[in-house]
Amino acid sequence: MPVPPVLVTLVTGPNRALRAEAAALVADRVGECRTGDGSGIDVDALVARIEDAVPDGAPHSAPVTLALGIDDAHDPADVGFALHAALSAREPSERPLHVRDVIAVVRGDELDRLLHPGRDTGDGTSAQAIANRVEFATAVIVVGDAPARAADLAYALNPRAPILLVDRPAAVGAYRFRRLIRPPVDDLASEQGWMLALSDRAPRLPSGVDSVVFRDPRPFHPGRLDEVVRVCLTPEHAGTIWRSRGVVRLASRAGAVGSWSSAGAHLNLDPTGLSDDEPDIISGQEIVFVGERLRGSEITRALGAALLADDELIAGPMEWAGYVDPFPAWHRGHAH
């Protein structure tokens with residue numbers, strides 16, 4: 001007779017108390033992932049921690065439920081994917097461990113920073129970490145005073161997950177949470193709002209919320225792109241951009257594929273670890289912008305002006321390598 005699995009729920013949130021409160025909705029045993037030392041994710045240690053949390057006398061006739069809190073030191077997607085891979089590789093003789101849910105807890109004032117770029121609560125949590133938390137979740141719990149459009153923002157980032165606006169996580173109630181229709185954890189890798197937009201599967205957004213997709217096979221001139229980001233992709237010119245995600249090519253970094261990720265007023269361009277040698281690799285730019293009353297034509301025009309012109313394309317990579325590139329360098333081993 002098969003042994004019932006240990007069902008693991010990952011809980012992300014701004015502090016340990018809120019994570020523990022949300023974890024109690026779904027699990028008999030609650031703990032914390034210690035991933036905040038900056039040295040990366042020790043997946044083996046994390047699996048060992050899960051195994052240690054299973055009581056010795058736990059019956060093999062019923063599943064064991066366990067919830068682990070994750071702080072903002074790491075992208076929850078990185079933790080989720082690494083843990084899923086490790087659990088999938090377990091031996092058939094071992095008790096199965098499955099990630100069942102990823103619950104995101106987010107404060108209303110955190111979402112306000114994304115809705116109004118430039119606002120900063122000074123608590124040390126980056127706008128990127130807040131957006132990552134909302135995107136990689138099977139359920140999103142918004143606590144405290146939620147600003148207007150908080151639910152619209154969460155839906156735009158993660159349209160498959162239920163969005164719950166409550167005073168405290170405990171107000172959701174375990175019975176209500178169990179009855180929620182939540183997406184499978186396996187779908188989180190491809191069902192985030194920006195991914196759905198790139199694949200033309202995005203659901204209709206609420207009135208006043210816009211999504212703009214920019215695509216072009218040509219690489220960006222790094223200097224002109226820097227100017228576009230600083231001058232043109234501002235609320236005055238482009239509308240209020242809450243979030244943008246995608247892949248990007250800089251002419252000065254020929255052969256490398258970058259990750260474009262903005263949240264609030266902050267843009268990160270990071271390496272992906274992908275290269276032109278890989279099959280089905282994206283050529284050029286694919287970026288999704290989500291926000292309020294976006295001026296799609298202005299965004300497209302500004303980014304289009306940052307692409308290489310015909311004569312620059314003809315000049316080739318040797319010439320491109322000499323372009324002034326103001327963006328941070330991409331180092332091997334630092335990939336998103």
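One is the number of the first residue; the rest follow in order along the sequence.
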Residues in side chain to side chain donor-acceptor pair (under 3.5 Å) with [X], at least two apart?
X	result
R100	none
D28	T65
R230	D226

Distance check, rounded to the nearest 0.5 Å: [X] atom [atom1] versus [Y] atom [atom2]?
X	Y	atom1	atom2	value
L303	L307	CG	CG	7.5 Å
D75	N132	CG	CG	4.0 Å
W242	S211	CH2	OG	11.5 Å
S261	H266	OG	NE2	11.5 Å

Legend entry - For F136, ring pair (Phe, Tyr, Trp, His ring centres under 6.0 Å) partners two or more places apart: F81
Inset, instruction - Carefully, step by step, assess R133 and D72 under the rule salt bridge (charged side-chain N to carboxylate O under 4.0 Å, His left out). - result: CA-CA 8 Å; R133 204 190 306 155; D72 283 325; 2.6 Å; yes
Tell me whether [Y] is reachable from [X] by hopping between hydrophobic residues (I, L, V, M, F, W, Y) whose side-chain heavy atoms are closer than 4.5 Å.
X	Y	answer
L250	V228	yes
V102	L46	yes
L188	L7	no
L97	V99	yes
F220	L269	yes

Atom [atom1] of [X] with >12 non-hydrogen neighbours under 6.0 angstrom:
X	atom1	answer
E312	CD	yes
D145	CG	no
D310	CG	no

Polar side-chain atom of [X] near backbone of [Y] as donor-acceptor pair, under 3.5 Å:
X	Y	answer
R243	L157	no
D71	A73	yes
E227	G223	no
R19	G31	no
E298	H237	no

Where do [X] and [Y] come nearest, in terms of heavy atoms and distance?
X	Y	answer
T240	L115	CG2-O, 3.4 Å
S244	I287	CB-CG2, 4.5 Å
W194	V288	O-CG2, 3.5 Å
A137	A161	O-CB, 3.6 Å
E110	I130	CB-CD1, 3.6 Å
M195	S190	SD-CA, 3.4 Å

Legend entry - Donor-acceptor side-chain pairing of R160 and T138 below 3.5 angstrom: no
Legend entry - Pair Q128, S126: side-chain N/O donor-acceptor within cut-off below 3.5 Å: no
Just grab all the salt bridge (charged side-chain N to carboxylate O under 4.0 Å, His left out) pairs involving [range], residues at least two apart or on different chains.
range	result
residues 200-209	E191-R201
residues 171-185	D101-R182
residues 254-268	none
residues 319-330	R253-D325

Legend entry - Parallel, tilted or perpendicular: rings of W260 and F289 (30°, 60°): perpendicular
When Ile, Leu, Val, Met, Phe, Trp and Tyr are grouped by side-chain heavy atoms lying under 4.5 Å apart, directly or through other members, which residues fall in the same group as [X]?
X	answer
M318	none
Y323	L308, L313, W320
L196	none
L164	V11, L18, L25, V26, I103, V105, I141, V143, V166, V172, F177, L180

Legend entry - Residue pair E292, L153: steps toward the side-chain contact (heavy atoms from CB on, under 4.5 Å) verdict: CA-CA 9 Å; E292 186 171 16; L153 167 60; over 6 Å; no
Inset, instruction - Start with the C-alpha gap between I241 and L294, add the side-chain angles, then the distance that decides, and say whether side-chain contact (heavy atoms from CB on, under 4.5 Å) holds. - result: CA-CA 7 Å; I241 299 171; L294 296 184; 3.8 Å; yes
Inset, instruction - With side-chain contact (heavy atoms from CB on, under 4.5 Å) as the test, would you mind laying out the steps for S252 and H221 before giving the verdict? - result: CA-CA 7 Å; S252 51; H221 185 293; over 6 Å; no
Legend entry - Check against side-chain contact (heavy atoms from CB on, under 4.5 Å), H84 and H98: CA-CA 8 Å; H84 177 74; H98 298 313; over 6 Å; no
Legend entry - The single option from R249, R245, R215 passing salt bridge (charged side-chain N to carboxylate O under 4.0 Å, His left out) against E286: R215
Inset, instruction - Go through E51 and R90 one step at a time and tell me if the salt bridge (charged side-chain N to carboxylate O under 4.0 Å, His left out) criterion holds. - result: CA-CA 12 Å; E51 291 176 327; R90 286 171 64 82; 2.7 Å; yes
